[in-house]
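Report on the following structure.
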Amino acid sequence: FNTHINLHTHQRLSTELNYQTPTSDEKSCPFTSTLTQLKGQNEDQNLVSTQAISPSGPSFLEALFGIGLAGSPWEYMLQMTKNDKYTGIVPVNLSFLGVYNFLLTPEAVRAATVEEANILPRRFSVSLFEQLELDRGIVYEQGERHKRNKRLCIPSFEQGKSMESFVQATKVELDELSESLKKKDKIDLYAEMRRSALNVVLDVSFGLGSERQDKEAGISTFEKADELSATIAEYLERIVALANEIPPLWQIAPRLSGNYVRVTDVLLPNLRSLVAEVISKRRIDTLNQDGGRNKADLLGVLVEQGLDDFDIRSILFDVVIAGSDTTASTTTASVYILHLPENKEWLEKARKEAEETNCGRDIPLDQLRSAMPVCVGIAREVLRLYPPVPFVGRTATERGSLLDGQYPVEVGDTFCFSPWFLGRNQKEWGPDADKFNPQRWIDDSVNGGAPNSFSWLPFGAGARGCLGTRLGLTEVVLGISRLVRDFEFDFETKGDLPVKYDLTLNLDDVMKCNISKR
Ligand code: HEM
């Protein structure tokens, strides 16, 4: 029992995993700018500094059994705050696993991610990622390199032209998905959505989708595009499997781990050489001004900036890893939840909206939010209750303090917040916090009825917030709309969404369904 808890706790705490997003001006909406992420200031007037800082946390045994019984650190956070037992920032001592300071109020999260982001700039990382050199792009990169890499990518996710082209890639992908699903009657929706989300992010990063379109248009293409996507797809599968190994063979005896051997001996070398070929082709195309048009993908931006192959590969891999399963699980979970009998009314509303807006097909990005309030509300509500990344950590690189000097910070201290906990905290969301109710977002499109914007953080916050917030949310909204308009789903699984977290929310094998065309 103890071993189970230890391994799981350690793994979950330490793989808090990647991604993030919202920004200092999260107050507005995730469809808005992410550029402020790197600036680290916040104008949210609703947040007031808390006075009640708990001086000490639970004992080691209390924390260990608490987490074990609750099922996860984030569920334990909910229990810690019941009856006001703990609040603010609470140190949770897990003995040899380390001390984790739990951020239990939106004010504390804001302090750690925005106000004092300069002393807490590091993402808590696992040695697996270092071992596989997965810490050299954006997600696990630190310091100036992180800033540079992210700064290079942010404009693509902000500026009209490239974001419009990413959204266009999403729409094209949804056309293809819909056509292929019309020929099937039994599917695994999560597997389908993973493939589809991967295609979008491959287009955004390597321009592979546009290569496909180029081919159709008779323009010169990267011939191994299919091989590259298949290799990346397998690589993603294996990384998730590796991170979930119990016991972690990759750490104890790597050569005994089939996943580790496959990744290091076959997949990574293949990927390196395939990616080198894509980059080299793009460099030549750029020099020759070939390709027929100016590519809007990240590869084009990074080549233009003169980055070397290693840096380009590291950044693009991160974007692919961070941007595929997150959107796939959110879209899948949304469709599942809408098909629960108690949510029939929302399914009907989403269908009506989809029919009236042609699934957002011709609506410009900046009007999606107001044109599709129902699907936006559904997406934000699913992200509140089932955030793909349930736990996020920041580690201090400098001494300082949080919350007006009330909580000291030493170098190496780790502070954790949980989008899952924040989204379900009754103190913020009221007695019906657990209820799926998209109406919250129709009534209050900024905060969904919560007192402030730091209660809804599925995309994280501050300088390390998610790069793909706007794209991710847009993909989910368009995906929900398209799927519910075109199909009827009958899931084998019944009742509440079965929730299992590994690196992210994992819906493997529980989303099998019959599908019929509407
Ligand atoms: C529903 C979809 C998504 C969700 C829920 C999500 C969630 C997150 C979260 C929670 C973080 C960590 C935030 C933090 O530490 O404060 C993150 C970081 C990140 N995400 Fe996302 N993400 C999504 C989609 C995407 C997409 C589509 C992309 C790119 C195409 C992307 C790229 C990234 C990157 C590069 C980071 C690391 C940022 C950094 O460390 O500075 N994400 N995401």
Side-chain angles (χ1 to χ4, degrees), residues 15-24 26 30 34 37-38 40 103 109-110 112-114 117 120-125 134-135 137-143 145-154 156-157 162-163 166-167 169-170 193 197-198 200-206 297-298 314-334 379-380 382-384 386-395 415-420 422-423 454 456-477 479-480 503-505:
T15 55
E16 51 110 325
L17 253 260
N18 343 339
Y19 338 122
Q20 22 204 226
T21 207
T23 73
S24 32
E26 161 127 46
T34 51
Q37 282 175 3
L38 293 179
L103 303 164
V109 176
R110 174 181 138 171
T113 56
V114 176
L120 288 160
R122 295 186 56 187
R123 182 178 302 290
F124 195 54
S125 135
L134 281 174
D135 59 344
I138 300 178
V139 181
Y140 290 103
E141 182 55 280
Q142 314 292 351
R145 277 180 54 90
H146 167 262
K147 279 200 189 132
R148 179 201 66 174
N149 292 352
K150 195 165 184 188
R151 212 182 278 280
L152 286 175
C153 293
I154 284 181
S156 301
F157 290 89
S162 54
M163 255 308 281
F166 297 169
V167 173
T170 306
M193 291 317 300
L198 179 61
V200 172
V201 85
L202 284 174
D203 195 350
V204 168
S205 51
F206 290 96
D297 53 56
L298 289 178
S314 305
I315 295 171
L316 297 186
F317 274 19
D318 263 7
V319 169
V320 172
I321 293 176
S324 44
D325 288 357
T326 41
T327 45
S329 61
T330 309
T331 311
T332 308
S334 304
R380 295 191 74 173
V382 169
L383 284 162
R384 178 178 74 84
Y386 303 99
V389 183
F391 210 66
V392 182
R394 300 272 194 275
T395 303
F415 290 79
C416 307
F417 68 94
S418 163
W420 193 97
L422 290 167
F454 278 73
W456 186 82
L457 292 185
F459 296 95
R464 294 218 72 126
C466 176
L467 175 68
T469 305
R470 204 172 170 210
L471 176 64
L473 193 61
T474 305
E475 280 186 70
V476 174
V477 169
I480 297 172
L503 287 186
T504 53
L505 176 63

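Just follow the structure's listing: the first ligand is 1, and inside any ligand the first atom is 1.
- Proximity of H146 to ligand 1, defined as any heavy-atom pair under 4.0 Å, is confined to the side chain (atoms from C-beta onward).
- For the residue pair A379 and L473, the shortest heavy atom distance occurs at CB-CD1, 4.0 Å.
- Using a 4.5 Å heavy-atom threshold, the side chains of L198 and V320 count as touching.
- Considering backbone and side-chain atoms together, T327 places no N or O closer than 3.5 Å to any N or O of ligand 1.
- What you find for V167 and T474 is that their closest heavy atoms are CG2-CG2, 3.9 Å.
- In this structure, C153 and F157 approach most closely via the heavy-atom pair O-CD1, 3.4 Å.
- Counting heavy atoms under 4.0 Å from ligand 1, residue A461 touches it through the backbone alone.
- Taking every non-hydrogen atom of G465 and a distance limit under 4.0 Å, the qualifying atoms of ligand 1 come out as 16 (O), 38 (C).
- V139 has its side chain out of reach of I321: every pair of non-hydrogen atoms, C-beta onward, lies at least 4.5 Å apart.
- Across the listed options S205, A112, A322, A322 owns the non-hydrogen atom lying nearest to atom 32 (C) of ligand 1.
- Which parts of ligand 1 touch T330 is read off a 4.0 Å heavy-atom cut-off, strictly below it: atoms 1 (C).
- Within the 3.5 Å criterion, the main-chain N or O of P390 finds a donor-acceptor partner in the side chain of S418.
- Contacts between P388 and ligand 1, counted as non-hydrogen atom pairs separated by less than 4.0 Å, involve the side chain only.
- Judged by distance alone, the side chain of N149 and the main-chain N or O of I138 form no donor-acceptor pair under 3.5 Å.
- Against a heavy-atom cut-off of under 4.0 Å, G460 is close to the following atoms of ligand 1: 10 (C), 13 (C), 14 (C), 16 (O).
- When each atom of ligand 1 is checked for a heavy atom of R394 under 4.0 Å away, the hits are 14 (C), 15 (O), 16 (O).
- Among D318, V114, D325, V319, the residue whose heavy atom sits closest to atom 30 (C) of ligand 1 is V319.
- Contact of the P387 side chain with the T330 side chain is not registered, since no non-hydrogen atoms from C-beta on lie closer than 4.5 Å.
- Under 4.0 Å from ligand 1, the heavy atoms of V389 that appear belong solely to its side chain.
- The distance criterion of under 3.5 Å between nitrogen or oxygen atoms is met by K150 with respect to ligand 1.
- Close approach to V392 involves these atoms of ligand 1, each under 4.0 Å from a residue heavy atom: 14 (C), 15 (O).
- The residue from S156, G323, A197 that puts a heavy atom closest to atom 27 (C) of ligand 1 is G323.
- Contacts of V201 with ligand 1, taken as heavy-atom pairs under 4.0 Å, involve the side chain alone.
- Side-chain atoms of V392 and P419, non-hydrogen and from C-beta on, do get closer than 4.5 Å to each other.
- Atoms of ligand 1 found under 4.0 Å from any heavy atom of F157, numbered from 1 in the order shown, are 30 (C).
- Heavy atoms of I138 found under 4.0 angstrom from ligand 1 belong to the backbone as well as the side chain.
- Using modelled atom types, one side-chain atom of R384 and one backbone atom of G423 make a donor-acceptor pair closer than 3.5 Å.
- Here V139 has heavy atoms under 4.0 Å from ligand 1 in both its backbone and its side chain.
- No donor-acceptor pair under 3.5 Å is formed between the side chain of K147 and the backbone N or O of A463.
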